[in-house]
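When reading the values below, keep in mind they use all heavy atoms of this one structure, side chains included, and skip hydrogens, waters and symmetry mates.
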Amino acid sequence: IALDQGYDIDALSFSYGQRHAAELTAARRMAHSLGVREHVVLEVNLRSIGGSALTEDLPVPKDTPLGRIGERIPITYVPARNTIFLSLALGLAEARGAFDIFIGANALDYSGYPDCRPEYFRAFENVAALATRAGIEGGGGRRFTIHTPLISLSKREIIERGVALGLDYSLTLTCYDPSLIGEACGHCEACLLRLKGFREAGIEDPAVYKMAGRETGTQGSRDQ
């Protein structure tokens with residue numbers, strides 16, 4: 001979306017002690033495919049903090065009924081993760097002389113994460129204006145903007161938007177608990193929401209799933 005709007009992109013990913021490295025492999029594939037100007041991978045050890053199934057040896061919730069996803073903040077929430085990530089993205093942006101930060105957060109069809117809400121991102125813009133030299137001294141009248149183009153879209157709408165832009169979804173990974181070779185589990189909440197979106201869009205999910213009969217992203221009746 002940012003490329004479609006004419007931005008030159010410095011992509012930013014984090015090796016933060018997450019339970020798998022497959023998402024970083026997918027991020028590198030995607031950055032290369034899109035031809036971004038630079039792809040920065042920062043090391044941030046959030047495993048030493050813990051408090052999440054993504055940074056500790058805790059079981060990832062599986063087969064949650066779709067109607068119950070988002071009822072409460074899940075164990076896959078990583079304490080203050082978006083605040084930490086956005087702070088580092090803000091540092092990178094200021095060092096590059098950029099004022100636009102894009103993040104793929106989603107609040108409409110989300111999994112209960114407090115740092116994916118629109119009011120959080122507006123508040124962070126105020127922090128950026130107060131806590132940076134560029135914000136205090138001014139950047140030619142410019143202000144740091146946190147762009148959240150997916151914030152109010154359903155998973156179906158996100159998928160349709162990506163397809164319309166020519167995105168190759170086979171390069172992407174959504175799973176919280178993939179195999180060592182990057183196969184999605186098909187049971188975690190991230191997989192269930194992704195599969196729901198593809199099903200509602202009437203589009204075959206090109207991701208590879210670990211379970212027999214799920215390689216094409218088809219859903220069974222148990223997800224209803």
Side-chain angles (χ1 to χ4, degrees), residues 1-47 54-55 76 78 81-82 84-106 116 121 144-151 153 155-186 188 190-191 193-195 197-198 201 203-210 214-217:
I1 289 173
L3 287 170
D4 186 60
Q5 293 178 5
Y7 288 92
D8 292 324
I9 304 300
D10 290 329
L12 178 59
S13 299
F14 298 92
S15 176
Y16 63 92
Q18 61 266 56
R19 61 191 297 131
H20 59 80
E23 65 183 19
L24 289 174
T25 300
R28 292 185 179 96
R29 287 197 306 260
M30 184 57 62
H32 177 75
S33 172
L34 295 177
V36 302
R37 183 170 56 187
E38 182 179 6
H39 180 207
V40 178
V41 179
L42 293 182
E43 299 277 345
V44 184
N45 185 16
L46 299 186
R47 182 169 284 272
L54 299 188
T55 56
T76 48
V78 179
R81 183 176 64 176
N82 275 356
I84 294 167
F85 287 2
L86 279 175
S87 296
L88 292 167
L90 177 62
L92 178 64
E94 186 174 28
R96 297 290 195 274
F99 285 85
D100 297 278
I101 299 172
F102 282 76
I103 184 171
N106 177 244
C116 286
F121 295 108
F144 286 107
T145 300
I146 310 299
H147 297 265
T148 55
L150 310 183
I151 197 77
L153 301 183
K155 286 295 189 288
R156 174 184 62 80
E157 291 170 329
I158 292 171
I159 289 162
E160 291 173 342
R161 180 79 170 120
V163 169
L165 290 172
L167 180 65
D168 184 356
Y169 276 107
S170 70
L171 301 179
T172 67
L173 178 70
T174 308
C175 183
Y176 290 147
D177 194 24
S179 71
L180 293 177
I181 61 173
E183 299 167 314
C185 74
C188 69
C191 280
L193 289 173
R194 174 182 171 122
L195 287 164
F198 271 99
I203 299 171
E204 184 175 319
D205 185 353
V208 176
Y209 290 85
K210 286 191 284 188
R214 296 290 287 280
E215 288 80 1
T216 62

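Arg161 and Glu157 are not joined by a salt bridge, as no carboxylate oxygen comes within less than 4.0 angstrom of a charged side-chain nitrogen.
Between Leu195 and Asp205, the closest side-chain pair of non-hydrogen atoms falls below 4.5 Å. Under the 4.5 Å side-chain criterion, counting only non-hydrogen atoms from C-beta, Glu160 is not in contact with Phe198. Using a 4.5 Å heavy-atom threshold, the side chains of Phe14 and Val41 count as separate. Using a 4.5 Å heavy-atom threshold, the side chains of Cys191 and Tyr209 count as touching. The side-chain heavy atoms of Tyr169 and Val163, taken from C-beta on, include a pair separated by under 4.5 Å. Within the 4.5 Å cutoff, the side chain of Val208 has no heavy atoms near those of the Ile181 side chain. Residues Ser13 and Val40 have side chains not in contact (no heavy-atom distance under 4.5 Å, counting atoms from C-beta outward). Using a 4.5 Å heavy-atom cutoff, the side chains of Asp10 and Arg96 are in contact.
Between Asp168 atom CG and Arg29 atom CZ the span is 9.5 Å, to the nearest 0.5 Å. Considering CG of Leu171 and OG1 of Thr25, their distance stands at 12.0 Å, rounded to 0.5 Å. How far CG of Leu54 is from SG of Cys188: 9.0 Å, rounded to the nearest 0.5 Å. The structure places CG of Asp4 at 5.0 Å from CG of Leu165, a figure rounded to the nearest 0.5 Å. Expressed to the nearest 0.5 Å, how far CG of Asn106 lies from CD1 of Ile151 amounts to 6.5 Å. Rounded to the nearest 0.5 Å, atoms CZ (Arg81) and CD1 (Ile84) are 10.0 Å apart.
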| message | With side-chain contact (heavy atoms from CB on, under 4.5 Å) as the criterion, how do Leu42 and Ser15 come out once you've worked through the C-alpha distance, each side chain's angles and the decisive distance to 0.1 Å? | response | CA-CA 6 Å; Leu42 293 182; Ser15 176; over 6 Å; no
| request: Quick one: do Leu88 and Val44 satisfy side-chain contact (heavy atoms from CB on, under 4.5 Å)? Show the steps, please. | output: CA-CA 10 Å; Leu88 292 167; Val44 184; 3.5 Å; yes
| task | Begin with the C-alpha distance, continue with both residues' side-chain angles, and end with the deciding distance and a verdict on side-chain contact (heavy atoms from CB on, under 4.5 Å) for Ile9 and Leu34. | result | CA-CA 10 Å; Ile9 304 300; Leu34 295 177; over 6 Å; no
| Under the side-chain contact (heavy atoms from CB on, under 4.5 Å) criterion, do Asp100 and His147 qualify, and how do the steps go? | CA-CA 7 Å; Asp100 297 278; His147 297 265; 2.6 Å; yes
| said: Working note: His20 + Asp177, criterion side chain to side chain donor-acceptor pair (under 3.5 Å); need CA distance, chi angles, decisive distance, verdict. | reply: CA-CA 7 Å; His20 59 80; Asp177 194 24; over 6 Å; no
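Taking all atoms of both residues into account, the shortest heavy-atom contact from Ala190 to Thr174 is CB-O, 3.1 Å. In terms of heavy-atom proximity, Ala22 sits nearest to Gly182 at CB-CA, 4.0 Å. The two residues Arg19 and Arg47 come nearest to each other via the heavy atoms CA-NH2, 3.8 Å. Nearest approach of Lys210 to Ser179, heavy atoms of both residues: CD-CB, 3.6 Å. His39 approaches Leu12 most closely through the heavy-atom pair CD2-N, 4.3 Å. The minimum heavy-atom distance linking Gly197 with Lys155 is given by the pair CA-CB, 3.9 Å.
In this structure Tyr16 satisfies the ring pair (Phe, Tyr, Trp, His ring centres under 6.0 Å) test together with Phe85, sequence neighbours excluded.
One side chain, Arg194 or Thr172, offers a donor N or O that lies under 3.5 Å from an acceptor on the other.
Counting heavy-atom neighbours within 6.0 Å of Leu180 CG, excluding the residue itself, gives a total of 12 or less.
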